[in-house]
Amino acid sequence: MKHSLLCSAIALSLFGCGGSSSDSQSAPSQPQNTAPSLSGVANNTVKALQSSTVTLEMSDNESDALTFTIEDKPQWVTVDLSENTATLTLAPDFFDIGSHELALNVSDGELSQAYSLTVEVDDNPEQWRDDISLSRAELRGAWSNSANDFNIVFNGYDAGALIIDDTMKQFDYELNNSATAVNLAIDPALCGPYCEREQQAATLRAVAESDSQLRIHVEGLEQNYTVNMAKRSAPTIEDAYFSREIDPRLTFLGQFTANAETRLEAKVSLPDKDFTLAALDGKFDGEYFTVNDPEVLFYNKYLQYGNIGNEREFIIGRYIDRIEPLYVDDNFVVFDTIHSGEVSFPPPGTYDEDDFVGLARLLADYASLSAMYRFHPVNPPSLEFGQKYIGRLSSYHDDSASNTEFDGAVEVTFDSASELTIPLTVPHTEGPLELKLPYEIKASHLLVGNPGNEYKVGFFQHKNDDIYVSPDISHVFTLRRPMGLFMKAQEQQPLSIQSFAGVYEHLDYHNFYDDIFYSVFHDNGTLGFNLRADGPLDEVELSEETTHFWGVHDSRVVFIEYDSCSQATNFSECLSLVKRADADNLFTYVQSLTPLATEGESIIFNYSSYYGGWANSGSDSVSNTAVNSLRQLKKH
């Protein structure tokens, strides 16, 4: 039991005066007033929903009438005065848990003395309630503790986001039968409610409540949490940029723009159904994003084909009505996509909705939650001319000379203060094609391209970590705004089969699967690609049948599936057959890796793939496509 002793040092000053004459009479001294004091042994630890008393004695040398006060006295503290005794009754509840400094004061009307009494209010699990019912309507929104390091977001349907410190995870949820607990199924990483992997089970329940707060207890996480939560006010967003994921690979940048027309990408889901992407064009007024013309925005308007109930064919259209932000801070954005449904076929009036099992549920309003990383615009970093950088400064280029479309480029060299070079890689050709462009360094962006055809290149940062770059930010109507890591590329050792052969763990795939993916590059030129393991490396079966030929070609590791060169017996023969097929406009699919930088135990690669030769597909023209992105692998 903790106690504190209240005491005061009393200083007594005596003043007098006198003369040297023996027959002078001494004048009587005037009494000097002294400050009163306060003493007592105080029990300064108390549990919530229990009461405790503190008895304090006031004293004064001059026996003056005394007053006792507590500055900004909490409501759970009452004071009873009897002569010179102050009795404090402490009766806190669960929303007073913590350390409190009580500023005490005792006065005689002229002089006063200040004291400080520390009261520790502890939790009291024995008094937790287990009968507090919750509803989706009450939960909907964002809840935070006073330190703002524990936040939880509910969308009012069946999804949410858990934000602890600077980490966010998404979850699905449901109320138990009595609505006194929330069962959470938490994704191990931030990748949306569509991750096909095992979720972590946790339980949340309210153990105390007040008019505007809930005290919640969460079990099943890495540790148990008991925190007081208050509902946050609805967030507002101005020029917020966000992305679904952060890694060196290609990702896409979304954007809200307050009080202006804008466009973003959203995930759309149906209960027990697949999801699709929609490009949303509309206006954000600071509270809601209202979608214009929602019925024409889906890539595939009809999400549900088939028979319902009495085996009659229905075509169900799902439409997005609005986007509603639920939580916004410097690191994360969480929003709801509100959408509804209607029967597109057969025409209304030709059937009775009640006759078809499940039809009403498919047509009901629904919301899918999206949790995003927030990015902040930063000024262009300082550039070293002649230095190669990892950076996606071009999202698309059509090269008429090679009849090849290039989707993305992840390398750039700033040759001078006015010109840059972007290599465009085709895995099985000799040397990259080069795209040279003029550019200007502006205060907040790079302006790249020839006059009349420029585009803005923006730089972004998340949580003061790596810099990311995104081209084509000139206006908000860009449908797909790609983004990638921006950093210096490092000089690499010459590649050979001997230097590259080994086992590589695909770090990027951790965001999508339970299993870990490995590629085994054998020194005989064969590759076991995308081998799966649900545990450590020693569980990988390295003798599994290989699927590709591989070799070093033009400073790149090129790997080709056996199906692309079924007559070949080694990499050289396979590469020759693929080149010949490409020249004859036959179907060609080749992939390659070029190491660019090392970060810790991982290596960042330029991953390039090439699809070519559609002459036999019945198309009038041949369309070749080269795609570049970044991959991060760890060599074991």
Side-chain angles (χ1 to χ4, degrees), residues 1-15 29-132 145-147 206-217 225-230:
M1 185 73 71
K2 298 179 181 177
H3 298 78
S4 64
L5 180 64
L6 296 173
C7 58
S8 175
I10 302 174
L12 180 64
S13 301
L14 299 177
F15 298 90
S29 61
Q30 297 297 321
Q32 185 72 29
N33 187 27
T34 57
S37 62
L38 192 63
S39 63
V41 177
N43 176 2
N44 63 344
T45 299
V46 59
K47 289 185 176 182
L49 291 192
Q50 289 187 354
S51 63
S52 177
T53 58
V54 175
T55 303
L56 305 174
E57 299 294 336
M58 300 178 290
S59 61
D60 184 75
N61 289 341
E62 291 74 40
S63 299
D64 294 330
L66 302 179
T67 58
F68 175 84
T69 58
I70 301 177
E71 184 180 353
D72 297 327
K73 182 178 71 66
Q75 292 184 348
W76 47 273
V77 178
T78 58
V79 179
D80 181 37
L81 296 175
S82 177
E83 296 183 352
N84 285 344
T85 299
T87 302
L88 280 59
T89 301
L90 313 177
D93 66 20
F94 286 105
F95 299 97
D96 303 312
I97 290 175
S99 181
H100 303 268
E101 292 286 337
L102 303 184
L104 315 180
N105 187 281
V106 59
S107 173
D108 62 5
E110 179 181 347
L111 298 178
S112 62
Q113 186 76 17
Y115 295 85
S116 178
L117 173 63
T118 301
V119 177
E120 300 286 346
V121 180
D122 291 342
D123 199 359
N124 190 0
E126 293 181 357
Q127 295 296 320
W128 284 355
R129 291 176 56 184
D130 58 7
D131 61 345
I132 299 175
N145 65 344
S146 58
V207 297
E209 64 179 341
S210 70
D211 292 338
S212 59
Q213 298 183 86
L214 288 175
R215 183 166 180 81
I216 66 167
H217 179 70
Y225 291 89
T226 306
V227 289
N228 292 338
M229 310 287 287

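Here the side chain of E62 pairs a donor or acceptor atom with the backbone of T34 at under 3.5 angstrom. A donor-acceptor pair under 3.5 Å is formed between the side chain of S210 and the backbone N or O of Q213.
E120 and S99 share a side-chain donor-acceptor pair at under 3.5 Å. Side chains of N228 and N145: no donor on one and acceptor on the other come within 3.5 Å.
A heavy-atom distance below 4.5 Å is not found between the side chains of D93 and W76. In this structure, the side chains of Y225 and I216 stay at 4.5 Å or more apart for every pair of heavy atoms. Looking at heavy atoms from C-beta onward, N105 lies out of side-chain contact with Y115 at the 4.5 angstrom threshold. Here the side chains of T89 and V77 are not in contact, with every heavy-atom distance at 4.5 Å or above.
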Can you list the steps and then say if L88 with T78 is a side-chain contact (heavy atoms from CB on, under 4.5 Å)? CA-CA 6 Å; L88 280 59; T78 58; over 6 Å; no

Check the pair E57 / S39 against side-chain hydrogen bond (donor to acceptor under 3.5 Å, both in side chains), numbers first and verdict last. CA-CA 5 Å; E57 299 294 336; S39 63; over 6 Å; no

Candidate pair F94 and E209, rule side-chain contact (heavy atoms from CB on, under 4.5 Å), full reasoning: CA-CA 8 Å; F94 286 105; E209 64 179 341; over 6 Å; no

Pair N44, V54 - check side-chain contact (heavy atoms from CB on, under 4.5 Å), show working. CA-CA 8 Å; N44 63 344; V54 175; over 6 Å; no

Before giving the answer on side-chain contact (heavy atoms from CB on, under 4.5 Å), spell out for F68 and T85 the whole-Å C-alpha distance, their side-chain angles and the decisive distance to 0.1 Å. CA-CA 9 Å; F68 175 84; T85 299; over 6 Å; no

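Contact record, L38 with M58: CD1-CG, 3.5 Å, taken as the closest heavy-atom pair. Across all their heavy atoms, V46 and P92 have their closest contact at CG1-CG, 3.8 Å. Smallest separation of non-hydrogen atoms from A35 and L111: N-CD1, 3.6 Å. Listed here is the closest heavy atom pair of V207 and I132: C-CD1, 3.8 Å. Here the closest heavy-atom approach between residue A48 and residue I97 is recorded as CB-CG1, 4.3 Å.
A distance of 8.0 Å separates CG in L102 from OG1 in T118, rounded to the nearest 0.5 Å. Rounded to the nearest 0.5 angstrom, H100 NE2 and L90 CG are separated by 10.0 Å. Here the CG-OG distance, from L56 to S37, works out to 11.5 Å after rounding to the nearest 0.5 Å. Rounding to the nearest 0.5 Å places CZ of R215 at 7.0 Å from CH2 of W128. Atom CG of N33 is separated from atom CG of N61 by 9.0 Å, given to the nearest 0.5 angstrom. Between L104 atom CG and S112 atom OG the span is 12.5 Å, to the nearest 0.5 Å.
For D72, the CG atom is loosely surrounded, since the number of other residues' heavy atoms within 6.0 Å does not exceed 12. Remark: E71 CD is loosely packed, at most 12 non-hydrogen atoms of other residues, nucleotides or ligands lying under 6.0 Å away.
Using a cut-off of 4.0 Å between Lys/Arg side-chain N and Asp/Glu carboxylate O, K47 and E126 are scored as not salt-bridged.
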